[in-house]
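The structure under discussion appears below in the form of structure tokens.
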Protein chains: 2
Amino acid sequence: MARPTIADIATRAGVSKGAVSFALNGRPGVSDATRERILKIAEQMSWRPHSAARALGASRVDSVGMVIARPARTLGVEPFFAHLLSGVQSGLSAESISLQLLIVEDTAAEIEVYRRWASEHRVDGVILVDLTVKDPRVDELRALELPAVVIGGRGGKGALASVWADDRDAMLSIVEYLAALGHRRIAHVAGTPNFQHTQRRIRAVRDAAPRLGLLDAPSLTTDFSDAEGAAITRKLLSQSDRPTAIVYDSDVMAVAGLGVAMEMGVSVPGDLSIVAFDDSILTQLMHPALTALSRDTFDFGRQAAEVLLETIADPGTVINRRTADPVLTVRESTAPPA
Amino acid sequence: MARPTIADIATRAGVSKGAVSFALNGRPGVSDATRERILKIAEQMSWRPHSAARALGASRVDSVGMVIARPARTLGVEPFFAHLLSGVQSGLSAESISLQLLIVEDTAAEIEVYRRWASEHRVDGVILVDLTVKDPRVDELRALELPAVVIGGRGGKGALASVWADDRDAMLSIVEYLAALGHRRIAHVAGTPNFQHTQRRIRAVRDAAPRLGLLDAPSLTTDFSDAEGAAITRKLLSQSDRPTAIVYDSDVMAVAGLGVAMEMGVSVPGDLSIVAFDDSILTQLMHPALTALSRDTFDFGRQAAEVLLETIADPGTVINRRTADPVLTVRESTAPPA
DNA sequence: TGGAATTGATAAACCGGTATAGCTCCCGAA
DNA sequence: TTCGGGAGCTATACCGGTTTATCAATTCCA
């Protein structure tokens, strides 16, 4: 028989549907002997619950969603999301909860997706990335009463659950490392200005500058694209008092920056040190290989999944979990200034 | 009222549940006036169908699945999947069908996922990538009676629906281009040997060699990783009669190969021409920028989604749709041999 | 020993839709 | 005038689970 139902099992076992349901879900109401018998029959018939049927009765669908609002063009290159996804899945697979992934163009579309998911009961909760300042998604999700966890940014005033790493400390460790090498003119090619993590990193650079005796430490924002990363690098390196070190907020921009430096005849690390705030295979493929800040992105995803499941189970408590600190991996692109 | 049901609408409109269902689904059974009235009320109450309820009655869940069986480590770098995903989604969004994405370690795990999805009725169909020779997934899916479409490889003897591009012609165009430049010693760093597209590309190179008067045209297989791409390049460039041109089956391997060449003091394109069989931002970030074969991956995904939906609607007919031919984008990494 | 509490099970309602049988009008044709 | 038939709608079964009310049989305790 294809796709048996609990009614089939009940018939075969000579009991009622209810008894079968109790047995399969390990809840009281049947004797151990009967439970044993029912389980064996279910196993034999290779029964599996019909997800829709279960979702209709109990009101959970055993599925969570994740929407990424970035143009697909800038998305693919970064291993970040692939690692994050794998991590999220490993965190979900234990409970055999499935993941719905959606890539959309902008935040408006993303919010639209949340509304649809909520009204169609398609997901039990969602995972948020790229939190911005005064992010409209936070209020929206609260209004929809959709459990959520924010990746990489504290939920802020107890709003949403979150999983985060200390961006500030990480950025400080980079700047301090460069300062210790002797650099005094450090530039920071930052990401999208309204992302919270961008702001935190910019603030970290600004705060550290006087303490470390930096002559100049401008943070220049971009849209995270290789094109803008390259353009800003060109501008920086054309200045009369050009920086001796540049910190990039993503590995892709760092690679683009390296290309510009080579093109302009600026030797790396001789004339310019380069650090990427995010590690991946990309940075290792380059010549010279790039010094980069490594985060355990997989673990990040895994923990986000865990926190989300806890939040779904108990929407009352808001979890803010801090993950392992990122580590600076020194490679060939950094050296003392000439 | 939160989350209204059709019963709520029925009450408000003073009609029965059935009438509401007819009206909302645009089927006969209600007058135009009544339909109008019901639609307006549904709109006012911002009603949306409960996906589980709908899935239970009609037996479709309006959701399709895609499993990628590659270690996450090698996955992220390639923009290929991100573009493919976006394309798939754009093809699905028209019918507001959702996508379940899963990244697993190997084919065994992938098949396990299909079994689960089938028995739990979680998806209406699946999209297959990376078809291998004698792929076990084909028989499995047939046994599960799960509609499927294969991306980038003809389904083979009418088995599964497919969306494919002509790998053979594409590879021929690359080799012919290099031969026209004057290259006679061309190497091919191929991908995983048991992938069907790998075999097709290898065969194309082998068949073209004598016709174009190539002295040597070895195809060397890899696991698609940057590490193996680099290792094989090192070996090739160490030979006494080293190739004057290398074709790589992926952009990541081409980038790794370029790195090795630079490291060994082999100038590109002076001493060595490099072509990547797959384009992305990566190839453009390099110096020199890599000549690469561009495929419209987004469109590929979109068409796969369309074909899958047609297959789900009518499982009888097997569609084999050929997509636009790939185009060779010539950049700085190719030139006549020294 | 009788009544209360517990155990093991059943029948039936329910979740929110879809599908179908059937009922009531109303119109036109014989 | 009557009957057939279609339009418009209702009532109800159904999908495959979960959950609750109910009930009989047993155990417990005073």
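Every chain is numbered from 1 and lettered A, B, ... according to where its sequence line falls, protein lines coming before strand lines.
A donor-acceptor pair shorter than 3.5 Å cannot be found between the side chains of B:Thr11 and B:Asp8.
Among C:dA11, C:dT20, C:dG16, the nucleotide with an atom closest to any side-chain atom of B:Phe22 is C:dT20. Which of C:dG17, D:dC9, D:dG16 sits closest to the side chain of A:Thr5 comes down to D:dG16. Closest to the side chain of A:Asn25, from the set D:dT18, D:dT10, C:dG17, is D:dT18. Distance from the side chain of B:Leu56 is smallest to C:dG16 among D:dC9, C:dG16, D:dT18. When distances are taken from the side chain of A:His50 to each of D:dT19, C:dG16, D:dG17, the shortest belongs to D:dG17.
Within 4.0 Å of A:Val15, counting heavy atoms only, lie sugar-phosphate atoms of the nucleic acid but no base atom. Residue B:Arg35 is classed as having no contact, given no heavy-atom separation below 4.0 Å to the nucleic acid. In this structure, B:Arg60 reaches neither bases nor backbone, as no heavy-atom distance under 4.0 Å exists between it and the strands shown. In this structure, B:Ser31 reaches the sugar-phosphate backbone alone: every heavy-atom distance under 4.0 Å involves primed, P, OP1 or OP2 atoms, never a base.
Atom CG in B:Asp32 sits roughly 12 Å away from atom C1' in D:dA7 (whole-Å rounding). Computed from coordinates, the B:Ile6 CD1 to C:dC14 C1' distance equals 14 Å when rounded to whole Å. Look at CD on B:Glu36: it is 14 Å from P on D:dG8, rounded to the nearest Å. The interatomic distance linking B:Ile38 (CD1) with D:dT10 (P) rounds to 8 Å, in whole Å.
Between D:dT18 and A:Ser21, a contact under 4.0 Å exists linking OP1 or OP2 to a side-chain N or O. An OP1 or OP2 oxygen of C:dA19 is reached within less than 4.0 angstrom by a side-chain nitrogen or oxygen of B:Arg27. One finds no side-chain N or O of B:Arg54 lying less than 4.0 angstrom from the OP1 or OP2 phosphate oxygen of C:dG16. Put simply, A:Trp47 has a side-chain N or O that comes within less than 4.0 Å of OP1 or OP2 on D:dG17.
Side-chain atoms of A:Lys17 and base atoms of D:dG17 include a donor and an acceptor less than 3.5 Å apart.
Each of B:Ala53 and B:Gly18 was matched to the nucleotide of DNA chain C holding its nearest heavy atom; the match closer to the 5' end belongs to B:Ala53. Residue-to-nucleotide proximity on DNA chain C shows that, of B:Ala52 and A:Thr34, the 5′-proximal contact is made by A:Thr34.
The backbone N or O of B:Thr34 lies less than 3.5 Å from a partner atom in the side chain of B:Ser31, making a donor-acceptor pair.
Counting all heavy atoms, side chain and backbone alike, B:Ala19 lies closest to B:Ile38 at O-CD1, 3.9 Å.
Between B:Glu120 and A:Arg54 there is no salt bridge, since no side-chain N of the basic residue sits under 4.0 Å from a carboxylate O of the acidic one. With respect to the salt-bridge test (charged N to carboxylate O, under 4.0 angstrom), the residues B:Arg3 and A:Glu145 do not qualify.
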